[in-house]
Enquirer: 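I have a structure here, written as C-alpha coordinates, and I will follow up with some questions on it.
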Amino acid sequence: MPELPEVETVVRDLRPLLVGRRIASIAVGPHALRRPWSKNWARMLRGRQVTAVARRGKWIVVHLDDGQHLVVHLGMTGQLTVAPSQLPMNNHTHWIVVLDQGYDQLRFRDIRRFGSVTRFRDTMALSKFFESAQLGPEPFEVEKPYWQKTLRRTERCLKAVLLDQRVVAGVGNIYADESLFQARLHPTLIACRLANAEQERLRKAIGVVLQRAIERRGSSIRDYIGGSGLKGKYQEEFRVYGRTGRPCLRCRSPIERIRLAGRSTHFCPQCQFPVPSSKSRVRS
DNA sequence: ATAGGCGCCTGCTGGC
DNA sequence: TGCCAGCAGGCGCCTA
(Lines give C-alpha, C1' and ligand atoms only; values in the text may rest on other atoms or scores of the structure.)
Protein backbone atom coordinates (compact mmCIF):
# COMPACT_ATOMS: atom_id res chain seq x y z
CA MET A 1 0.00 0.00 0.00
CA PRO A 2 2.48 2.51 1.06
CA GLU A 3 3.97 4.89 -1.44
CA LEU A 4 6.39 7.73 -0.80
CA PRO A 5 4.12 9.91 1.38
CA GLU A 6 3.22 6.99 3.61
CA VAL A 7 6.83 5.83 3.92
CA GLU A 8 7.99 9.40 4.60
CA THR A 9 5.37 9.69 7.34
CA VAL A 10 6.56 6.46 8.94
CA VAL A 11 10.15 7.70 8.84
CA ARG A 12 9.26 11.06 10.39
CA ASP A 13 7.23 9.32 13.10
CA LEU A 14 9.92 6.77 13.88
CA ARG A 15 12.87 9.17 13.93
CA PRO A 16 12.27 10.68 17.40
CA LEU A 17 11.16 7.30 18.75
CA LEU A 18 14.22 5.39 17.55
CA VAL A 19 17.28 7.62 17.30
CA GLY A 20 19.56 7.12 20.28
CA ARG A 21 17.91 3.90 21.34
CA ARG A 22 19.65 0.56 21.64
CA ILE A 23 18.68 -2.88 20.31
CA ALA A 24 18.29 -5.27 23.24
CA SER A 25 17.10 -8.25 21.19
CA ILE A 26 15.30 -9.20 17.98
CA ALA A 27 12.61 -11.85 17.53
CA VAL A 28 11.61 -13.13 14.08
CA GLY A 29 8.39 -15.01 13.27
CA PRO A 30 8.10 -18.30 11.34
CA HIS A 31 6.75 -16.87 8.08
CA ALA A 32 9.16 -15.84 5.37
CA LEU A 33 8.93 -12.29 4.07
CA ARG A 34 9.89 -11.25 0.55
CA ARG A 35 13.61 -11.18 1.31
CA PRO A 36 15.31 -13.70 3.55
CA TRP A 37 16.32 -12.88 7.12
CA SER A 38 19.50 -14.68 8.20
CA LYS A 39 19.39 -16.32 11.57
CA ASN A 40 22.65 -14.82 12.86
CA TRP A 41 21.62 -11.24 12.07
CA ALA A 42 19.80 -10.87 15.38
CA ARG A 43 23.03 -11.63 17.22
CA MET A 44 25.02 -9.17 15.07
CA LEU A 45 22.54 -6.40 15.77
CA ARG A 46 22.24 -6.86 19.51
CA GLY A 47 23.58 -3.91 21.49
CA ARG A 48 23.71 -1.54 18.51
CA GLN A 49 22.37 1.99 18.80
CA VAL A 50 20.18 3.74 16.21
CA THR A 51 21.88 6.86 14.84
CA ALA A 52 19.44 7.88 12.08
CA VAL A 53 16.24 6.91 10.27
CA ALA A 54 16.03 7.76 6.58
CA ARG A 55 14.08 7.03 3.40
CA ARG A 56 15.07 6.30 -0.18
CA GLY A 57 12.10 5.90 -2.51
CA LYS A 58 9.78 3.49 -0.71
CA TRP A 59 12.62 2.01 1.36
CA ILE A 60 13.16 2.80 5.04
CA VAL A 61 16.77 2.81 6.21
CA VAL A 62 17.74 2.56 9.89
CA HIS A 63 21.39 3.52 10.47
CA LEU A 64 23.24 1.91 13.38
CA ASP A 65 26.27 3.16 15.31
CA ASP A 66 28.71 0.52 13.98
CA GLY A 67 27.88 1.06 10.30
CA GLN A 68 25.30 -1.68 9.96
CA HIS A 69 21.92 -0.81 8.40
CA LEU A 70 18.43 -2.19 8.63
CA VAL A 71 16.36 -1.74 5.48
CA VAL A 72 12.58 -2.14 5.54
CA HIS A 73 10.11 -2.24 2.66
CA LEU A 74 6.43 -2.09 3.56
CA GLY A 75 5.17 -3.88 0.44
CA MET A 76 1.40 -3.54 0.20
CA THR A 77 0.32 -3.99 3.82
CA GLY A 78 3.41 -3.40 5.94
CA GLN A 79 3.26 -1.47 9.22
CA LEU A 80 6.36 -0.39 11.11
CA THR A 81 5.60 1.03 14.52
CA VAL A 82 7.09 1.65 17.95
CA ALA A 83 4.80 0.39 20.68
CA PRO A 84 5.00 -0.22 24.43
CA SER A 85 5.84 -3.87 25.06
CA GLN A 86 2.62 -4.35 27.05
CA LEU A 87 0.50 -3.42 24.02
CA PRO A 88 -1.05 -6.70 22.78
CA MET A 89 0.65 -8.15 19.71
CA ASN A 90 -1.42 -7.93 16.53
CA ASN A 91 -1.60 -10.98 14.29
CA HIS A 92 0.74 -10.94 11.26
CA THR A 93 3.53 -9.38 13.32
CA HIS A 94 6.67 -10.93 11.86
CA TRP A 95 9.58 -9.05 13.37
CA ILE A 96 10.09 -7.46 16.79
CA VAL A 97 13.00 -5.38 18.07
CA VAL A 98 13.10 -4.98 21.84
CA LEU A 99 14.55 -1.56 22.66
CA ASP A 100 16.74 -0.54 25.58
CA GLN A 101 15.40 -1.89 28.87
CA GLY A 102 12.47 -3.60 27.13
CA TYR A 103 9.70 -1.07 27.71
CA ASP A 104 9.24 -0.42 23.99
CA GLN A 105 9.37 -2.49 20.82
CA LEU A 106 9.82 -1.73 17.13
CA ARG A 107 7.29 -4.00 15.38
CA PHE A 108 6.88 -5.00 11.76
CA ARG A 109 3.42 -6.23 10.85
CA ASP A 110 2.55 -7.28 7.31
CA ILE A 111 -0.66 -9.10 6.41
CA ARG A 112 0.24 -10.05 2.85
CA ARG A 113 3.98 -10.46 3.46
CA PHE A 114 5.05 -8.58 0.34
CA GLY A 115 7.27 -6.47 2.57
CA SER A 116 10.76 -7.23 3.86
CA VAL A 117 13.34 -6.51 6.53
CA THR A 118 17.00 -6.80 5.56
CA ARG A 119 20.30 -6.08 7.25
CA PHE A 120 23.44 -4.73 5.60
CA ARG A 121 26.91 -5.12 7.05
CA ASP A 122 28.15 -1.63 6.17
CA THR A 123 27.57 1.44 4.02
CA MET A 124 29.29 -0.20 1.06
CA ALA A 125 26.90 -3.16 1.09
CA LEU A 126 23.96 -0.79 1.41
CA SER A 127 24.98 1.34 -1.56
CA LYS A 128 25.58 -1.78 -3.62
CA PHE A 129 22.04 -2.84 -2.85
CA PHE A 130 20.56 0.49 -3.92
CA GLU A 131 22.76 0.51 -7.00
CA SER A 132 21.34 -2.81 -8.14
CA ALA A 133 17.83 -1.49 -7.55
CA GLN A 134 18.62 1.37 -9.97
CA LEU A 135 16.30 3.74 -8.14
CA GLY A 136 15.58 6.97 -9.94
CA PRO A 137 15.77 10.40 -8.31
CA GLU A 138 13.52 11.44 -5.47
CA PRO A 139 10.40 13.15 -6.90
CA PHE A 140 11.30 16.53 -5.45
CA GLU A 141 14.75 16.39 -7.03
CA VAL A 142 13.79 15.55 -10.61
CA GLU A 143 15.64 18.00 -12.85
CA LYS A 144 14.14 19.27 -16.08
CA PRO A 145 16.86 17.91 -18.42
CA TYR A 146 16.72 14.45 -16.83
CA TRP A 147 12.93 14.42 -17.07
CA GLN A 148 12.95 15.43 -20.74
CA LYS A 149 15.60 12.91 -21.66
CA THR A 150 13.89 10.08 -19.76
CA LEU A 151 10.42 10.70 -21.17
CA ARG A 152 11.75 11.13 -24.72
CA ARG A 153 13.39 7.74 -24.77
CA THR A 154 10.45 5.50 -23.87
CA GLU A 155 7.36 4.47 -25.77
CA ARG A 156 5.55 3.31 -22.68
CA CYS A 157 2.39 5.05 -21.52
CA LEU A 158 2.64 7.67 -18.77
CA LYS A 159 1.08 5.42 -16.16
CA ALA A 160 3.70 2.72 -16.69
CA VAL A 161 6.51 5.29 -16.62
CA LEU A 162 5.35 6.80 -13.33
CA LEU A 163 5.18 3.37 -11.71
CA ASP A 164 8.75 2.56 -12.78
CA GLN A 165 10.95 3.14 -9.72
CA ARG A 166 13.98 3.60 -12.00
CA VAL A 167 12.38 6.73 -13.47
CA VAL A 168 11.26 8.35 -10.20
CA ALA A 169 11.53 6.63 -6.83
CA GLY A 170 8.46 6.53 -4.63
CA VAL A 171 5.42 6.99 -6.88
CA GLY A 172 2.88 4.15 -6.74
CA ASN A 173 -0.58 3.48 -8.09
CA ILE A 174 -2.50 6.13 -6.13
CA TYR A 175 -0.10 9.01 -6.65
CA ALA A 176 0.48 8.11 -10.30
CA ASP A 177 -3.25 8.53 -10.97
CA GLU A 178 -3.55 11.65 -8.81
CA SER A 179 -0.47 13.25 -10.43
CA LEU A 180 -1.78 12.58 -13.93
CA PHE A 181 -5.08 14.21 -13.02
CA GLN A 182 -3.26 17.17 -11.51
CA ALA A 183 -1.24 17.51 -14.74
CA ARG A 184 -4.40 16.97 -16.82
CA LEU A 185 -2.73 14.21 -18.78
CA HIS A 186 -4.38 10.99 -19.86
CA PRO A 187 -2.66 7.89 -18.42
CA THR A 188 -2.46 6.17 -21.81
CA LEU A 189 -0.47 8.98 -23.43
CA ILE A 190 2.85 7.78 -24.81
CA ALA A 191 5.69 9.36 -22.85
CA CYS A 192 7.96 10.22 -25.79
CA ARG A 193 5.15 12.09 -27.57
CA LEU A 194 4.57 14.67 -24.83
CA ALA A 195 5.11 18.31 -25.65
CA ASN A 196 7.59 20.19 -23.47
CA ALA A 197 4.81 22.01 -21.62
CA GLU A 198 3.13 18.70 -20.85
CA GLN A 199 6.33 17.18 -19.54
CA GLU A 200 6.70 20.14 -17.22
CA ARG A 201 3.09 19.95 -16.04
CA LEU A 202 3.65 16.34 -15.07
CA ARG A 203 6.98 16.96 -13.36
CA LYS A 204 5.48 19.72 -11.25
CA ALA A 205 2.24 17.83 -10.58
CA ILE A 206 4.11 14.93 -9.01
CA GLY A 207 5.83 17.28 -6.59
CA VAL A 208 2.64 19.14 -5.70
CA VAL A 209 0.62 15.96 -5.12
CA LEU A 210 3.28 14.18 -3.07
CA GLN A 211 4.03 17.26 -0.98
CA ARG A 212 0.38 17.72 -0.12
CA ALA A 213 0.00 14.00 0.65
CA ILE A 214 2.94 14.16 3.06
CA GLU A 215 1.30 17.15 4.79
CA ARG A 216 -1.77 14.98 5.29
CA ARG A 217 0.33 12.04 6.57
CA GLY A 218 -0.33 9.93 3.47
CA SER A 219 -3.45 7.96 2.56
CA SER A 220 -5.11 5.33 4.73
CA ILE A 221 -7.41 3.15 2.68
CA ARG A 222 -7.42 0.02 4.75
CA ASP A 223 -4.18 -1.03 6.40
CA TYR A 224 -1.87 1.92 6.39
CA ILE A 225 -0.80 3.55 9.64
CA GLY A 226 2.21 5.74 10.44
CA GLY A 227 5.09 4.91 12.76
CA SER A 228 3.15 6.07 15.80
CA GLY A 229 -0.02 4.25 14.74
CA LEU A 230 -1.87 7.30 13.39
CA LYS A 231 -3.75 7.08 10.08
CA GLY A 232 -3.31 9.38 7.09
CA LYS A 233 -5.91 11.74 5.68
CA TYR A 234 -4.97 12.32 2.06
CA GLN A 235 -7.62 9.83 0.91
CA GLU A 236 -10.11 12.62 1.68
CA GLU A 237 -8.50 14.62 -1.13
CA PHE A 238 -8.41 11.98 -3.86
CA ARG A 239 -9.64 13.42 -7.16
CA VAL A 240 -9.68 10.19 -9.17
CA TYR A 241 -8.27 7.24 -7.25
CA GLY A 242 -11.12 4.99 -6.08
CA ARG A 243 -13.73 7.44 -7.42
CA THR A 244 -14.90 5.35 -10.39
CA GLY A 245 -18.31 6.51 -11.63
CA ARG A 246 -18.44 9.49 -9.30
CA PRO A 247 -18.45 13.01 -10.74
CA CYS A 248 -15.13 14.71 -11.45
CA LEU A 249 -14.69 17.47 -8.88
CA ARG A 250 -13.69 19.83 -11.67
CA CYS A 251 -16.10 19.08 -14.54
CA ARG A 252 -18.66 16.62 -13.12
CA SER A 253 -17.94 13.93 -15.78
CA PRO A 254 -17.95 10.44 -14.25
CA ILE A 255 -14.47 9.21 -13.35
CA GLU A 256 -13.44 6.18 -15.42
CA ARG A 257 -11.37 3.18 -14.50
CA ILE A 258 -9.28 1.07 -16.86
CA ARG A 259 -6.54 -1.51 -16.51
CA LEU A 260 -3.09 -0.20 -17.44
CA ALA A 261 0.38 -1.60 -16.82
CA GLY A 262 -1.39 -4.32 -14.85
CA ARG A 263 -2.87 -1.83 -12.41
CA SER A 264 -6.29 -0.28 -12.06
CA THR A 265 -6.11 3.27 -13.35
CA HIS A 266 -8.51 6.13 -12.64
CA PHE A 267 -8.94 9.29 -14.67
CA CYS A 268 -11.37 11.96 -15.81
CA PRO A 269 -12.09 11.45 -19.53
CA GLN A 270 -12.91 15.14 -19.88
CA CYS A 271 -10.12 16.86 -17.95
CA GLN A 272 -7.34 14.50 -19.00
CA PHE A 273 -6.92 14.80 -22.77
CA PRO A 274 -7.54 11.39 -24.35
CA VAL A 275 -5.20 10.89 -27.30
CA PRO A 276 -2.24 13.00 -28.43
CA SER A 277 -3.69 13.79 -31.82
CA SER A 278 -3.10 17.32 -33.08
CA LYS A 279 -6.78 17.56 -33.90
CA SER A 280 -7.92 17.31 -30.30
CA ARG A 281 -5.70 20.26 -29.40
CA VAL A 282 -7.20 22.69 -31.89
CA ARG A 283 -9.30 25.30 -30.17
CA SER A 284 -12.64 25.95 -31.76
C1' DA B 1 17.08 -4.04 -24.20
C1' DT B 2 12.30 -3.34 -23.29
C1' DA B 3 7.49 -4.09 -22.21
C1' DG B 4 3.79 -6.86 -20.55
C1' DG B 5 1.99 -10.74 -17.73
C1' DC B 6 1.99 -13.56 -13.77
C1' DG B 7 2.90 -14.96 -9.11
C1' DC B 8 3.66 -14.06 -4.48
C1' DC B 9 0.07 -13.59 0.10
C1' DT B 10 -4.20 -12.52 3.02
C1' DG B 11 -8.52 -10.36 3.58
C1' DC B 12 -12.57 -8.06 2.17
C1' DT B 13 -16.67 -7.14 -0.81
C1' DG B 14 -20.30 -7.97 -3.94
C1' DG B 15 -22.98 -11.00 -6.78
C1' DC B 16 -25.33 -15.23 -7.27
C1' DT C 1 -26.14 -18.19 4.65
C1' DG C 2 -22.40 -19.68 1.83
C1' DC C 3 -19.39 -19.78 -1.90
C1' DC C 4 -16.47 -17.81 -5.31
C1' DA C 5 -14.57 -14.38 -8.23
C1' DG C 6 -12.42 -10.18 -8.23
C1' DC C 7 -9.90 -6.75 -6.11
C1' DA C 8 -6.15 -4.35 -3.15
C1' DG C 9 -1.23 0.89 -1.76
C1' DG C 10 4.49 -3.53 -4.63
C1' DC C 11 7.95 -5.83 -6.85
C1' DG C 12 10.66 -9.42 -9.20
C1' DC C 13 10.93 -13.03 -12.45
C1' DC C 14 9.81 -14.84 -16.84
C1' DT C 15 8.85 -14.53 -21.68
C1' DA C 16 8.38 -12.56 -26.34
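Just so we're on the same page: letters track the sequence lines, and every chain starts at 1. Values below: all heavy atoms of this structure, side chains included; hydrogens, waters and symmetry mates excluded.
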Enquirer: If you take all heavy atoms of A:Val10 and A:Gly226, which pair is closest and at what distance?
Expert: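 What the structure gives for the nearest pair is CG2-CA, 4.1 Å.
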
Enquirer: Hey, which of these two, A:Thr154 or A:His31, hits DNA chain B nearer its 5' end, going by closest nucleotide?
Expert: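 Going by which nucleotide is closer to the 5' end, it is A:Thr154.
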
Enquirer: C:dC14 and B:dC9: how far apart are their P atoms, nearest whole angstrom?
Expert: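 Approximately 16 Å lies between the P atom of C:dC14 and that of B:dC9.
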
Enquirer: How long is the gap from CZ on A:Phe181 to CZ on A:Arg243, to the nearest 0.5 Å?
Expert: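 Separation between the atoms: 8.5 Å.
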
Enquirer: Kindly check if the number of other-residue, nucleotide or ligand heavy atoms within 6.0 Å of CZ (A:Arg55) is above 12?
Expert: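 Counting other residues, nucleotides and ligands, CZ of A:Arg55 exceeds 12 neighbours.
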
Enquirer: In this structure, how many angstroms lie between the P atom of C:dG10 and the CG atom of A:Asp164, rounded?
Expert: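 In whole Å, C:dG10 P and A:Asp164 CG are 13 Å from each other.
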
Enquirer: Within the structure shown, what part of the strands sits under 4.0 Å from A:Gly262 by heavy-atom distance: base, sugar-phosphate, or nothing?
Expert: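 Nothing, no nucleic acid heavy atom in range.
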
Enquirer: A:Arg257 near the nucleic acid: base, sugar-phosphate alone, or nothing, with a heavy-atom cut-off under 4.0 Å?
Expert: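 Result for A:Arg257 = sugar-phosphate.
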
Enquirer: Under 4.0 Å from OP1 or OP2 of C:dA8: is there any side-chain N or O of A:Arg112 that close?
Expert: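 For C:dA8, neither OP1 nor OP2 has a side-chain N or O of A:Arg112 closer than 4.0 Å.
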
Enquirer: Between A:Glu131 and A:Lys128 (salt bridge meaning N to carboxylate O under 4.0 Å), is one present in this structure?
Expert: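 Salt bridge: no.
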
Enquirer: Picking from C:dG10, C:dA8, C:dG9, which would you name as closest to the side chain of A:Arg259?
Expert: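 Nearest nucleotide to the side chain: C:dA8.
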
Enquirer: Mind listing the residues from residues 233-243 of chain A sitting with a heavy atom below 4.0 Å of DNA chain C? Number order is fine.
Expert: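 Of all residues in residues 233-243 of chain A, the ones placing a heavy atom under 4.0 Å from DNA chain C are A:Tyr241.
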
Enquirer: Please map the stems of DNA chain B, keeping only stretches of three or more Watson-Crick or G-U wobble pairs with both distances under 3.5 angstrom.
Expert: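 Ordered by first number, the stems with DNA chain B (at least 3 consecutive pairs each) read B:2-8 with C:10-16, B:10-16 with C:2-8.
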
Enquirer: For a 4.5 angstrom cut-off between non-hydrogen side-chain atoms, does A:Leu4 reach A:Glu138?
Expert: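 Yes, close enough: below the 4.5 Å cut-off.
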
Enquirer: Tell me whether the OP1 or OP2 atom of C:dA8 has a side-chain N or O from A:Ser264 closer than 4.0 Å.
Expert: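 True: A:Ser264 side-chain N/O within range (under 4.0 Å) of C:dA8 OP1/OP2.
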
Enquirer: Within a radius of less than 6.0 Å around CZ of A:Arg201, do more than 12 heavy atoms belonging to other residues, nucleotides or ligands occur?
Expert: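 Count over threshold, so yes.
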
Enquirer: Would you say CD of A:Glu155 has more than 12 non-hydrogen atoms from neighbouring residues, nucleotides or ligands within 6.0 angstrom?
Expert: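 12 or below, so no.
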
Enquirer: Report the distance from atom CG of A:Leu260 to atom P of C:dA8, rounded to the nearest whole Å.
Expert: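 Computing the A:Leu260:CG to C:dA8:P distance gives 13 Å.
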
Enquirer: When you check the gap from the basic side-chain N to the acidic O, do A:Arg212 and A:Glu237 get nearer than 4.0 Å?
Expert: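 A salt bridge is present here (some side-chain N lies under 4.0 Å from a carboxylate O).
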
Enquirer: Between C:dG10 atom P and A:Leu4 atom CG, what is the distance in whole Å?
Expert: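 Atom CG in A:Leu4 sits about 11 Å away from atom P in C:dG10.
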
Enquirer: Rounded to the nearest angstrom, tell me the gap between atom CZ in A:Phe114 and atom C1' in C:dG9.
Expert: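 Taking CZ of A:Phe114 and C1' of C:dG9, I get 11 Å after rounding.
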
Enquirer: Let me know the distance between CG of A:Leu210 and P of C:dG9, rounded to the nearest Å.
Expert: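 Computing the A:Leu210:CG to C:dG9:P distance gives 16 Å.
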
Enquirer: Are there more than 12 heavy atoms of other residues, nucleotides or ligands under 6.0 Å from atom CD of A:Glu236?
Expert: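 Yes, because the 6.0 Å sphere around CD of A:Glu236 holds more than 12 heavy atoms from other groups.
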
Enquirer: C:dC7 P sits how many Å from A:Ile221 CD1, rounded?
Expert: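 Distance check: A:Ile221 CD1 to C:dC7 P gives 16 Å.
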
Enquirer: Regarding A:Arg21 and A:Asp100, does a basic nitrogen lie under 4.0 Å from an acidic carboxylate oxygen?
Expert: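 A salt bridge is present here (some side-chain N lies under 4.0 Å from a carboxylate O).
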
Enquirer: Need two values: the first and the last nucleotide of DNA chain B, 5' to 3', having an atom under 4.0 Å from any heavy-atom of chain A.
Expert: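 Contact span on the strand: B:dA3 to B:dG11.
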
Enquirer: Consider side-chain contact (heavy atoms from CB on, under 4.5 Å). Of A:Leu18, A:Val82, A:Ile23, which one does A:Val97 pass it with?
Expert: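 When A:Leu18, A:Val82, A:Ile23 are each tested with A:Val97, the side-chain contact (heavy atoms from CB on, under 4.5 Å) holds only for A:Ile23.
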
Enquirer: May I ask you to verify if any side-chain N or O of A:Arg263 is less than 4.0 angstrom from the OP1 or OP2 atom of C:dG9?
Expert: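 Looking at the OP1 and OP2 atoms of C:dG9, one of them is under 4.0 Å from a side-chain N or O of A:Arg263.
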
Enquirer: Could you tell me the separation between the CG atom of A:Leu80 and the P atom of C:dG10, rounded to a whole number of Å?
Expert: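 Interatomic distance, CG of A:Leu80 to P of C:dG10: 17 Å.
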
Enquirer: Using the P atom in both, what is the distance from B:dA1 to C:dC11, to the nearest Å?
Expert: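 Result for the P pair: 22 Å, nearest Å.
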
Enquirer: Could you tell me whether A:Arg121 atom CZ has more than 12 heavy atoms of other residues or ligands within 6.0 Å of it?
Expert: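 It does not: A:Arg121 CZ has 12 such atoms or fewer within range.
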
Enquirer: Say we look at C:dG9 and B:dA3: how far apart would their C1' atoms be, to the nearest angstrom?
Expert: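 Those two atoms are separated by 23 Å.
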
Enquirer: In whole Å, what is the span from the CZ atom of A:Arg216 to the C1' atom of C:dG9?
Expert: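 Going from CZ in A:Arg216 over to C1' in C:dG9 covers 18 Å.
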
Enquirer: Please determine whether a side-chain nitrogen of the Lys or Arg among A:Arg239 and A:Asp177 lies less than 4.0 Å from a carboxylate oxygen of the Asp or Glu.
Expert: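 No, A:Arg239 and A:Asp177 are not salt-bridged.
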
